[in-house]
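Heads up, the thing below is written out as structure tokens.
Model, not experiment: these values are computed from the prediction. FYI, side chains are in, hydrogens and waters are out, and symmetry mates aren't considered; it's all heavy atoms of this structure.
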Amino acid sequence: MTIVKNYYRLVNQPRKNGCRCDRKRIKPVSPLKINELLNQAALNHANDMASKIFFAHLGSNGSDISDRISKTGYDWQVVGENIFWGEVKMEEVFEGWKDSASYFKNMMSNDFKEMGFAHVGYYWVQYLGKIC
């Protein structure tokens with residue numbers, strides 16, 4: 001759980017202070033809260049990719065993010081997914097997502113209020129959500 005908490009601190013820093021992305025200034029937004037159901041959904045997808053040795057937003061059984069998150073019982077209004085593959089440190093994953101305009105937009109979106117995060121082997125998954 002320590003890696004999860006440390007990752008939340010990394011993500012919430014630019015949310016708290018605002019930042020630059022694609023030459024645009026992004027205003028500060030409210031911090032994300034840890035959600036155990038999103039953590040579980042992220043872990044399930046990371047385990048699926050690691051055990052079946054693939055890397056994709058689509059699960060090995062054809063599931064998409066909405067399927068995987070709904071399966072945990074998370075009553076979502078909006079969800080987002082960031083995935084990463086590599087034998088790297090957590091800070092490098094964060095920087096990789098920060099360097100991707102679409103992934104960083106997910107992390108900085110005020111539409112999302114909660115986050116789940118998991119790391120299995122070389123597979124990293126971040127889920128963002130807002131409940132109904």
Side-chain angles (χ1 to χ4, degrees):
M1 188 63 158
T2 302
I3 190 169
V4 172
K5 287 183 180 180
N6 288 337
Y7 187 75
Y8 281 95
R9 286 188 199 107
L10 278 175
V11 171
N12 280 325
Q13 193 64 28
R15 287 180 68 92
K16 176 183 174 186
N17 299 326
C19 60
R20 287 207 163 290
C21 179
D22 280 348
R23 300 182 191 167
K24 285 189 200 171
R25 177 80 181 138
I26 299 175
K27 294 180 183 180
V29 293
S30 60
L32 295 167
K33 295 179 181 168
I34 295 172
N35 182 282
E36 291 305 321
L37 294 176
L38 291 176
N39 280 342
Q40 186 60 54
L43 181 60
N44 292 346
H45 190 48
N47 276 327
D48 183 35
M49 290 189 293
S51 68
K52 308 242 177 22
I53 311 172
F54 73 99
F55 180 71
H57 288 283
L58 203 61
S60 65
N61 63 356
S63 65
D64 64 17
I65 179 178
S66 61
D67 298 324
R68 292 188 292 272
I69 290 178
S70 293
K71 188 175 180 180
T72 68
Y74 186 80
D75 188 20
W76 60 272
Q77 182 178 2
V78 61
V79 290
E81 175 181 69
N82 294 340
I83 60 175
F84 191 94
W85 183 89
E87 185 178 10
V88 295
K89 295 179 181 179
M90 174 187 57
E91 293 81 7
E92 294 170 280
V93 173
F94 173 75
E95 289 300 322
W97 283 335
K98 192 175 170 188
D99 290 343
S100 164
S102 61
Y103 282 173
F104 195 57
K105 228 178 239 184
N106 275 348
M107 288 194 293
M108 291 300 293
S109 173
N110 203 32
D111 291 340
F112 299 122
K113 304 301 180 191
E114 299 176 309
M115 186 177 81
F117 179 77
H119 167 232
V120 176
Y122 296 160
Y123 299 88
W124 305 77
V125 178
Q126 176 186 38
Y127 282 154
L128 302 122
K130 178 181 178 182
I131 56 173
C132 292

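Checking side-chain atoms of T72 against main-chain N and O of I69 turns up a donor-acceptor pair under 3.5 Å. Listed for the D67 side chain is a donor-acceptor partner under 3.5 Å among the backbone atoms of D64. Remark: side-chain polar atoms of R15 are not paired, donor with acceptor, to backbone N or O of V29 under 3.5 angstrom.
V93 places none of its side-chain heavy atoms less than 4.5 Å from the side chain of H119. The shortest side-chain heavy-atom distance between F117 and L38 does not fall under the 4.5 Å cut-off. By the 4.5 Å heavy-atom criterion applied to side chains, E91 and L10 are counted as neighbours. Within the 4.5 Å cutoff, the side chain of M108 has heavy atoms near those of the C19 side chain. Between K113 and S30, some side-chain heavy-atom pair lies under the 4.5 Å cut-off. Looking only at side-chain heavy atoms (C-beta outward), F84 and E92 stay at 4.5 Å or farther from each other.
Side-chain contacts under 4.5 Å among hydrophobic residues (ILVMFWY), followed directly or transitively, place V120 together with L43.
Between F55 and Y123, the two ring planes are tilted [angle within 30° to 60°].
Among residue pairs with one or both ends in residues 44-60, those qualifying as salt bridge (charged side-chain N to carboxylate O under 4.0 Å, His left out) are D48-K52; sequence neighbours excluded.
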Under 3.5 Å, which donor-acceptor pairs do the side chains of residues 124-132 form with other protein atoms, sequence neighbours left out?
residue, atom, partner, partner atom, Å
W124, NE1, G86, O, 3.2
Q126, OE1, N82, ND2, 2.6
Y127, OH, R68, NE, 2.8
Y127, OH, R68, NH2, 3.4
Y127, OH, E81, OE2, 2.8

